Amino acid sequence: MVANVLTAYRDIAKVRGEGYVSLDEGLSIISRHAQSLGYDGVVLFLDELILWLASHVADMAFINREGPKLSKLVEATSADRPVPIISFVARQRDLRELVGAHIPGAEQLGFADVLKHWEDRFHRIHLEDKNLPDIVARRLLKPLSAEAAAELRAAFSQIVRMRDETLQTLLTSDAARGMFEKVYPFSPALLQTLVAVSSALQRTRTAIRLLLQLLVARRNDLALGEVVPVGDLWDVVADGDEPFMDAMRLSFERARKLYTQKLRPLLESQHGVRLDELRNLPADDPKRTAFRADDRVLKTLLLAALVPEVESLRNLTANRLAALNYGSIQSTIPGREGRLVLERIRSWSAQVGEIRVSEDRDPIIQLQLTGVDTDSILERAKIQDSTAQRRQLVKRLLFARLGVLERDSLYIEHEVLWKGSSRRVEVVYANVRELNDDSLRARGDEWRVLIDFPFDEEHHGPADDRAKVQTFLERGESAHTFVWLPRFFNRQTKQNLGTLVLLDYLLTGERFIDHASHLSAVDRAAARALLESQKSQLEGTIGQALLEAYGVTGSSDRPNFVEGSHSIDQTFVSLEPALSLTPPMAVDLKDALEKIIGQLLSWQFPAHPDFEEEIKSSQIKKVCAEVLRATQVRDGRIIVAKELRPLLRQIANPIQAGRNDRGRCVPAGSSLAAPLRQAVPPRGLDEERCGHRPAPANGAHAAQLHRFTAQDGPFARAAKPDHRGVCGPDQPRVLSAWRTC
């Protein structure tokens with residue numbers, strides 16, 4: 001009052017020297033006055049005294065002059081205090097922690113001695129954090145009436161029916177449901193975070209005051225049954241004073257800069273709205289609600305970067321982030337909120353290198369505060385981003401996931417194992433709309449897999465590629481060709497692909513040093529770590545985009561990385577009009593390719609035997625010898641050596657040449673085995689001739705057996721039967737015509 005209102009009195013007191021008395025004398029006057037009024041003592045609650053000293057910590061002369069006066073509260077130069085003065089001094093800070101390194105060591109020690117002198121005069125009463133809920137319940141959250149208390153209890157009973165994992169995250173390891181109910185609409189996790197944040201960042205505001213600010217900020221939209229999200233703490237903290245410690249001040253400034261320059265613009269771009277526009281929308285507007293949900297997740301990550309030692313913010317996963325901001329993330333399927341959060345964070349991490357997502361099954365999410373500008377490095381390499389480079393990068397990523405060996409050629413041979421038979425297909429990666437008809441046709445009887453680009457030049461889309469295929473089919477053409485027509489990347493995915501092209505270029509060889517020469521050595525190391533993290537996240541994001549584009553994952557109704565240009569059924573096209581392909585149920589691109597090739601070969605060879613493992617020529621010779629040996633005995637049953645029994649089951653059973661009957665070989669009554677009995681001479685067949693072409697009376701069926709035992713592999717090539725529908729002995733490298741045999 002004297003400083004701000006009665007300023008004239010202050011000036012007069014300074015001139016005459018009679019307006020003020022010393023602290024010691026003043027306390028004596030207060031004591032005598034209290035006695036005259038009949039009081040037995042005076043209690044002083046000094047709440048902001050330490051914070052007042054902390055605000056002058058840079059002025060060592062002030063601290064050395066005013067600090068010792070605290071001892072006057074418990075010690076007096078005279079005994080003229082007829083009633084005791086009991087002082088309670090709130091000590092929010094240990095002032096010794098606030099002395100910066102710029103103060104000489106001698107002065108730091110002197111300051112510590114001054115503090116110790118008056119500090120030892122006081123008894124200490126430690127107020128634990130667990131007392132905060134009781135204080136909050138009485139000072140902030142006291143119900144207005146019994147009816148209001150009943151409504152709060154009913155609302156809380158509904159809230160705690162949430163999933164156990166979510167409830168445990170909000171409770172932390174120290175709290176119980178009773179504590180949660182006491183501080184509702186806050187959560188124990190929020191209080192735990194608040195204590196750490198307010199202790200580290202605030203100069204003049206206490207945890208109680210910050211909680212009050214949260215209630216005031218949500219007074220118009222906080223409904224009964226909601227829980228205040230942890231992410232909302234950022235708003236009341238970011239608008240406060242500068243932190244005490246230099247290190248924390250630097251981290252806080254980096255966090256605030258990261259949010260204003262990268263994170264918030266990222267959300268504004270994704271949601272297509274600016275923050276100042278959102279503030280003019282109603283609180284329940286869908287656009288504002290969606291933006292606020294994502295904003296809270298990012299702000300929770302910022303808080304975790306500032307105070308990572310807090311249990312609630314330690315080892316954050318997507319599920320924990322969703323739980324800490326309970327009610328903000330909405331999912332049509334309960335329990336999938338964490339998955340939605342992870343999808344969003346992966347997309348953000350692809351654009352902001354400071355966000356890191358681990359490769360664990362349940363990824364740990366972190367936000368790194370470095371303050372290094374990586375955008376300038378990317379800007380220097382921007383010329384390297386071209387359509388050709390994007391196509392080449394996508395080809396490399398796609399082929400790696402398909403399991404196809406990348407080569408610098410248009411036609412790439414790819415081997416697959418189908419029903420125990422090694423097969424070859426041609427893989428072509430090209431723009432379908434630019435190909436001529438010859439490029440659409442396969443060479444020979446092998447299949448061609450034609451893979452289209454997941455993007456194209458402006459004004460060209462998937463419809464142009466589909467039109468090219470449709471024109472080919474409408475002319476009555478046919479070919480052993482499968483055309484994989486992906487849905488195109490959306491704008492954000494193409495932007496991410498361009499960034500990945502730059503990162504792939506920069507982080508190869510010594511290029512990074514050349515493009516980051518404007519940074520210091522320390523900043524270059526930090527920048528490289530950020531860019532490597534961003535590259536890793538981008539590769540994962542583009543990998544997910546490839547899955548969705550080529551119809552392996554993702555919903556055509558709600559695409560995340562691609563445009564809804566066509567349905568999954570239009571993605572898999574056969575140029576054989578009689579063959580209709582079914583979209584494969586696959587776990588990855590390699591699995592999808594194998595299943596598609598399986599459909600192609602099954603249509604071409606519908607009666608092909610299904611061997612569990614790859615069949616070798618030497619194995620077939622052994623089985624052949626046993627089957628022929630069985631045809632020589634009267635009852636058609638021979639004992640098979642133990643080591644040959646698995647081969648008999650694996651090979652003879654699928655081709656119906658014989659069966660394993662409790663360790664005995666019995667020739668099957670198939671179209672192959674029956675003629676064998678007639679074809680083999682009574683005196684038998686030498687086992688050494690089993691792999692060579694026999695010349696029995698029924699040559700056609702014996703030739704079938706020979707083709708299983710050809711020296712160049714049992715199923716080296718596939719071919720159609722001759723005009724009679726028979727695979728004769730003049731086709732030694734041909735798989736049996738399983739259509740007719």
Side-chain angles (χ1 to χ4, degrees), residues 343 346 391 393-407 411-432 440 442 446-455 462 465-466 469 479-490 493 497 539-576 579-606 608 610 612 614:
E343 289 178 359
R346 287 193 187 279
R391 288 180 177 178
L393 180 59
V394 167
K395 179 182 179 182
R396 192 175 78 227
L397 296 175
L398 178 63
F399 276 31
R401 286 161 173 78
L402 288 172
V404 177
L405 183 61
E406 183 189 5
R407 299 185 183 92
Y411 304 102
I412 299 174
E413 285 195 348
H414 176 61
E415 290 193 3
V416 295
L417 186 64
W418 174 69
K419 293 187 176 182
S421 173
S422 179
R423 298 285 175 170
R424 283 196 294 267
V425 297
E426 281 185 342
V427 178
V428 180
Y429 179 68
N431 193 341
V432 171
L440 294 177
E446 292 182 346
W447 283 90
R448 172 171 293 178
V449 176
L450 180 54
I451 305 176
D452 190 28
F453 301 151
F455 57 90
D465 301 303
R466 292 199 303 271
V469 172
H480 275 29
T481 302
F482 156 59
V483 185
W484 209 337
L485 296 175
R487 292 178 288 180
F488 277 15
F489 289 167
N490 59 25
T493 304
L497 178 60
E539 287 177 343
T541 299
I542 298 301
Q544 290 295 322
L546 290 173
L547 289 174
E548 191 172 290
Y550 287 92
V552 178
T553 60
S555 169
S556 59
D557 299 328
R558 190 185 61 84
N560 295 317
F561 303 102
V562 300
E563 299 172 351
S565 49
H566 60 252
S567 65
I568 293 180
D569 293 337
Q570 296 173 302
T571 301
F572 306 93
V573 181
S574 168
L575 296 189
E576 284 287 355
L579 172 57
S580 179
L581 294 173
T582 302
M585 298 295 293
V587 295
D588 53 31
L589 284 165
K590 183 179 180 181
D591 187 31
L593 178 61
E594 290 176 352
K595 289 182 177 178
I596 285 294
I597 293 175
Q599 291 188 50
L600 303 177
L601 296 174
S602 294
W603 176 82
Q604 187 177 11
F605 306 109
H608 192 291
D610 191 0
E612 296 179 358
E614 184 176 4

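In this text, all values refer to a predicted model and were calculated from it rather than measured experimentally.
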### Task
Assess whether side chain to side chain contact (heavy atoms under 4.5 Å, CB included) is satisfied between L581 and L600, documenting all intermediate values.
CA-CA 8 Å; L581 294 173; L600 303 177; 3.9 Å; yes
Which distance, rounded to the nearest 0.5 Å, do you find between the [atom1] of [X] and the [atom2] of [Y]?
X	Y	atom1	atom2	result
Q570	R487	CD	CZ	10.5 Å
S421	H608	OG	NE2	4.5 Å
L579	T481	CG	OG1	11.0 Å
F482	L450	CZ	CG	9.0 Å
L397	E406	CG	CD	9.5 Å
L601	I596	CG	CD1	11.5 Å

Between [Y] and [X], is there a side-chain heavy-atom distance shorter than 4.5 Å?
X	Y	answer
H414	L405	no
Q604	W447	yes
E413	V425	no
Y550	I451	yes
K590	R401	no
P583	T571	no
V404	I412	yes
R448	V428	yes

Quick one: sort the [X] and [Y] rings into parallel, tilted or perpendicular, breaks at 30° and 60°.
X	Y	value
W418	F605	tilted
H480	W603	perpendicular
F453	F455	parallel

Check whether [X] reaches the backbone of [Y] with its side chain - one donor and one acceptor, N or O, closer than 3.5 Å.
X	Y	result
D452	V432	yes
E548	F561	yes
K395	Y429	no
E426	E446	no

Item checked: Stepwise side chain to side chain contact (heavy atoms under 4.5 Å, CB included) test for L485 and D465 -> CA-CA 7 Å; L485 296 175; D465 301 303; 3.8 Å; yes
Go through V562 and T493 one step at a time and tell me if the side chain to side chain contact (heavy atoms under 4.5 Å, CB included) criterion holds. CA-CA 7 Å; V562 300; T493 304; over 6 Å; no
